[in-house]
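Just so you know, residue 1 is the first one in the sequence shown, and it goes up from there.
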Amino acid sequence: QVQLVESGGGLVQAGGSLRLSCAASGRTFSVHAMGWFRQAPEKEREFVAAIDLGGFAINYADSMKGRFTISRDNTKNTLYLQMNSLKPEDTAVYYCAARVHSGSYFYDREYDYWGQGTQVTVSS
C-alpha cells in the first residue's frame, strides 16, 4: 500500500501562484510514476501533469503547459505542483495519484493510489 497526503491548497487571486505538495509513505519503492489530477464542481476529473520515477518523462495537459510545473524529490518521497498565473477556471480539488505499473500517464484509471485532495480556489 502507498499512502498519499496532499497539502498547499488555498484561496488565491487570479494571476497568483500556489505550490501543492504530496507526501507519499508506505511501499513507495513500488511507485513507477506519479501525477496530479483535478476535479471542478460538476465536471469529470481531468489530468493535470505526471512524472516518472526518474523525472525524465513529464507530461502536462495542454491548458497547463507553461503555467504549471511538476517535480518530485525522491529523497523526501514528495511530489510537487508549482502553479503560476492561476486562473479562475483552475479552481478545483487537486488530487495526487501514484501508479505501480507502466501505462498511460493521462488516464485516472491507470493509477493505483490516490490522496484525499486539496482545494484550490482562484478568485477573479
Side-chain angles (χ1 to χ4, degrees):
Q1 294 288 329
V2 176
Q3 293 78 42
L4 303 172
V5 179
E6 303 98 333
S7 61
L11 174 64
V12 64
Q13 289 188 333
S17 299
L18 282 175
R19 188 175 83 153
L20 305 183
S21 299
C22 173
S25 61
R27 298 174 61 87
T28 57
F29 60 86
S30 65
V31 172
H32 181 272
M34 297 184 74
W36 290 98
F37 288 76
R38 70 184 186 184
Q39 187 167 21
E42 301 182 355
K43 292 188 177 180
E44 293 187 354
R45 188 160 55 188
E46 65 173 342
F47 171 77
V48 174
I51 188 169
D52 75 346
L53 178 63
F56 300 114
I58 297 176
N59 294 275
Y60 296 97
D62 289 342
S63 61
M64 289 72 162
K65 288 180 181 177
R67 299 191 301 124
F68 291 8
T69 302
I70 188 171
S71 62
R72 63 191 294 176
D73 184 338
N74 290 336
T75 65
K76 296 181 179 180
N77 291 323
T78 301
L79 178 73
Y80 302 100
L81 184 68
Q82 177 67 44
M83 305 186 293
N84 299 327
S85 302
L86 284 162
K87 306 174 182 180
E89 50 264 42
D90 293 318
T91 295
V93 176
Y94 283 71
Y95 296 92
C96 170
R99 197 179 73 207
V100 298
H101 57 272
S102 60
S104 171
Y105 291 101
F106 303 104
Y107 302 108
D108 56 4
R109 63 177 181 268
E110 296 285 343
Y111 290 80
D112 303 290
Y113 301 101
W114 292 84
Q116 82 288 349
T118 186
Q119 176 70 47
V120 171
T121 303
V122 184
S123 63
S124 58

TODO: Without swapping roles, check the side chain of Tyr111 against the backbone of Tyr105 for a donor-acceptor pair under 3.5 Å.
DONE: yes

- [ ] Report the distance from atom CZ of Phe106 to atom CZ of Phe47, rounding to the nearest 0.5 Å.
- [x] 5.0 Å

Task: Closest non-hydrogen atom pair between Ala14 and Pro88, with its separation - done: CB-CD, 4.1 Å

Open item on the list: Would you compute the distance between atom CH2 of Trp114 and atom SG of Cys22 and round it to the nearest 0.5 angstrom?
Closed with: 10.5 Å

Task: For Gln119, side-chain hydrogen bond (donor to acceptor under 3.5 Å, both in side chains) partners two or more places apart - done: Thr121

Open item on the list: Looking at every non-hydrogen atom in both residues, tell me the closest pair between Ala92 and Ala40 and how far apart they are.
Closed with: CB-N, 3.8 Å

- [ ] Find the distance between CZ (Arg72) and OG (Ser21) and round it off to the nearest 0.5 Å.
- [x] 14.0 Å

Task: Contacts of Lys87 that satisfy salt bridge (Lys or Arg N to Asp or Glu O under 4.0 Å) - sequence neighbours left out - done: none

- [ ] Can you tell me which residue pairs pass the side chain to side chain donor-acceptor pair (under 3.5 Å) test with a partner in residues 44-59, sequence neighbours excluded?
- [x] Arg38-Glu46, Arg45-Asp108

Donor-acceptor pairs under 3.5 Å, side chain of residues 29-37 to any protein atom, not counting sequence neighbours: which ones?
residue : atom : partner : partner atom : Å
Ser30   : OG   : Arg27   : O            : 2.5
His32   : ND1  : Arg99   : NH2          : 3.4
Trp36   : NE1  : Tyr80   : O            : 3.3

Open item on the list: As an exercise, state the distance from OG1 of Thr118 to CG of Leu18, rounded to the nearest 0.5 Å.
Closed with: 8.5 Å

Task: Atom pair CG (Leu79) and OG (Ser71), whose distance is rounded to the nearest 0.5 Å - done: 7.0 Å

Task: Connected via hydrophobic side-chain network under 4.5 Å: Tyr95 and Met64 - done: no

Open item on the list: Tell me the closest heavy-atom pair linking Ala49 and Tyr60, and the distance in Å.
Closed with: CB-CD2, 3.5 Å

- [ ] List for me each residue that meets side-chain hydrogen bond (donor to acceptor under 3.5 Å, both in side chains) alongside Glu110, sequence neighbours excluded, and say none if there are none.
- [x] none

Task: Cluster overlap Val93 with Val12, hydrophobic side-chain contacts below 4.5 Å - done: no

Task: Rounded distance [0.5 Å steps], CD1 in Ile70 versus CD in Gln82 - done: 12.5 Å

In residues 1-9, what donor-acceptor pairs under 3.5 Å come from side-chain atoms, sequence neighbours left out?
residue : atom : partner : partner atom : Å
Gln3    : OE1  : Ser25   : OG           : 3.4
Glu6    : OE1  : Gln116  : N            : 3.0
Glu6    : OE1  : Gln116  : NE2          : 3.4
Glu6    : OE1  : Gly117  : N            : 2.9
Glu6    : OE2  : Cys96   : N            : 2.8
Glu6    : OE2  : Gly117  : N            : 3.2

TODO: Check Met83 against Tyr94 and note the closest heavy-atom contact, atom names and distance.
DONE: SD-CE2, 3.8 Å

